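Heads up: the structure comes next, in structure tokens.
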Amino acid sequence: MKACLLCGSRLRQEIPLADLIRLTPLQKRAICEACSATFSALNLLPTCSSCGRRRTNDMSDPCYDCLRWEKDGQFKFINSAMYEYNPAMKDYMKRYKFAGDYRLRKVFSDQIHEQLKKQSAIIVPIPVGKDTVATRGCNQVTGLLENARYLNLLSVRFDKKAIRQSAKNRQSRLLLDQPFEMIESQKNQVKNRAVLLVDDVYTTGTTIRHAAALIQQAGAASVKGFTLAR
């Protein structure tokens, strides 16, 4: 019997009667129901139509962050997210992304794969620098995409970072220079095509928007975003 990747408790694989009758393939679970319940799925909540952020009763749509992007003359960019960045997701990212527990890619990889199968766009992951991979031991974004087909279109311009992205405040992130460049050998593959950029977390939107701007300049028909958390 397998153990939950998050809490270590034993996983009981129960098959609903309806699935037995229909001979539905058994879905392998990576975490227990108790751990799963700590994550807040955004598809069940009101969200910003531009960035996927959970909306409160007093929040506009688009949210104030997205309205600021539009006021600054930024292009219209739409991102959707699967989960709210709540304490459970923050702890997950700490263990998976920063502590480098690569096993935890399996917690959401099947769900992400199911969502991306519905897309007709070219899947492009947000890249991480070589120094980041060396420190963490993995690329957390492509780890989440292990069951999906994707195109490595972008690379990080600067290997060394004085301060990692997660440690920067909002203002520092907004002032970020273009951190990416196109991989020339792949550039023509997105011309006149729809592209879906994938990242782990949408925070201010600066990183994913920088990537989207490059891909638009390469002649993509459209560029949207998809993140695990917002």
Side-chain angles (χ1 to χ4, degrees), residues 1-16 18-19 24-59 61 63 65 79-118 125-126 128 132 136-148 164-170 173 196-205 207-208 225-230:
M1 194 175 292
K2 290 187 176 181
C4 171
L5 289 175
L6 294 180
C7 71
S9 64
R10 289 187 174 184
L11 291 176
R12 296 183 179 275
Q13 202 71 43
E14 298 179 356
I15 309 175
D19 287 350
T24 302
L26 182 64
Q27 296 294 318
K28 296 180 180 179
R29 287 166 41 205
I31 59 175
C32 66
E33 291 184 4
C35 286
S36 181
T38 63
F39 297 100
S40 182
L42 287 169
N43 66 325
L44 303 176
L45 301 168
T47 58
C48 171
S49 57
S50 290
C51 71
R53 177 184 195 164
R54 180 179 181 176
R55 281 195 297 118
T56 57
N57 291 334
D58 60 345
M59 191 180 294
D61 187 21
C63 71
D65 279 346
N79 181 77
S80 60
M82 293 181 64
Y83 289 94
E84 184 179 12
Y85 194 73
N86 65 0
M89 183 60 72
K90 184 177 182 179
D91 182 65
Y92 168 80
M93 287 295 173
K94 181 179 178 180
R95 294 171 59 183
Y96 172 55
K97 183 175 180 177
F98 300 115
D101 189 346
Y102 197 55
R103 301 173 306 149
L104 299 188
R105 73 193 186 281
K106 295 184 177 296
V107 173
F108 299 107
S109 61
D110 286 347
Q111 295 176 49
I112 292 172
H113 182 53
E114 287 300 312
Q115 290 295 317
L116 295 183
K117 281 199 306 185
K118 304 172 185 178
I126 295 292
V128 298
T132 301
R136 298 176 184 169
C138 67
N139 179 330
Q140 78 278 358
V141 181
T142 55
L144 297 172
L145 295 174
E146 68 171 355
N147 294 320
R164 68 173 186 245
Q165 285 298 310
S166 60
K168 294 180 180 179
N169 59 29
R170 175 182 171 82
R173 285 170 179 254
L196 186 70
L197 274 169
V198 179
D199 203 0
D200 52 358
V201 181
Y202 183 115
T203 306
T204 65
T207 299
I208 200 168
F226 175 81
T227 55
L228 171 62
R230 171 65 172 104

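The model shown is predicted, which means the values in this text are computed figures rather than measured ones.
Interatomic distance, CG of D101 versus CZ of R95, reported as 6.0 Å (0.5 Å rounding). Rounding to the nearest 0.5 Å places CG of L45 at 4.5 Å from OG of S40. Taking CD of Q111 as the start and OH of Y83 as the end, the distance is 3.5 Å to the nearest 0.5 Å. The CG atom of D91 lies 8.5 Å from the OG1 atom of T38; values are rounded to the nearest 0.5 Å. Distance check, rounded to the nearest 0.5 Å: CG of L5 to OH of Y96 gives 12.0 Å. A distance of 6.0 Å separates OG1 of T227 from CD1 of I208, quoted to the nearest 0.5 Å.
Checked by atom type and distance alone, the side chain of D61 never pairs as donor or acceptor with a backbone atom of C48 at under 3.5 Å. Judged purely by atom type and a 3.5 angstrom limit, Y92 uses its side chain to pair as donor or acceptor with the backbone of L104. Between the side chain of R53 and the backbone N or O of Y202 there is no donor-acceptor pair closer than 3.5 Å. Under a 3.5 Å cut-off, the side chain of R54 and the backbone N or O of P46 do not form any donor-acceptor pair. A donor-acceptor contact shorter than 3.5 Å is absent between the side chain of N147 and the backbone of E114.
A pairwise comparison of heavy atoms in V198 and V141 identifies O-CG1, 3.4 Å as the closest pair. The two residues A229 and Y85 have their closest heavy-atom pair at CB-CD1, 4.1 Å. Across all their heavy atoms, Y102 and C138 have their closest contact at CD1-CB, 3.4 Å. Contact detail for L116 and L196: the closest heavy-atom pair is CD2-CD2, 3.6 Å. Among all heavy-atom pairs drawn from T47 and L42, the shortest one is CG2-O, 3.7 Å. Here the closest heavy-atom approach between residue G143 and residue R105 is recorded as O-CB, 3.6 Å.
Residues meeting the side chain to side chain contact (heavy atoms under 4.5 Å, CB included) test with K118, sequence neighbours left out: Q115.
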Checking side chain to side chain contact (heavy atoms under 4.5 Å, CB included) for the pair K106/E146: CA distance, chi angles, key distance, verdict? CA-CA 9 Å; K106 295 184 177 296; E146 68 171 355; 3.3 Å; yes
Passes side chain to side chain contact (heavy atoms under 4.5 Å, CB included), R136 versus K97? Steps please. CA-CA 7 Å; R136 298 176 184 169; K97 183 175 180 177; 3.5 Å; yes
Could you go step by step and tell me if L145 and I112 meet the side chain to side chain contact (heavy atoms under 4.5 Å, CB included) rule? CA-CA 7 Å; L145 295 174; I112 292 172; 4.1 Å; yes
The test is side chain to side chain contact (heavy atoms under 4.5 Å, CB included); show your working for V201 and M89 and say whether it passes. CA-CA 10 Å; V201 181; M89 183 60 72; 5.7 Å; no
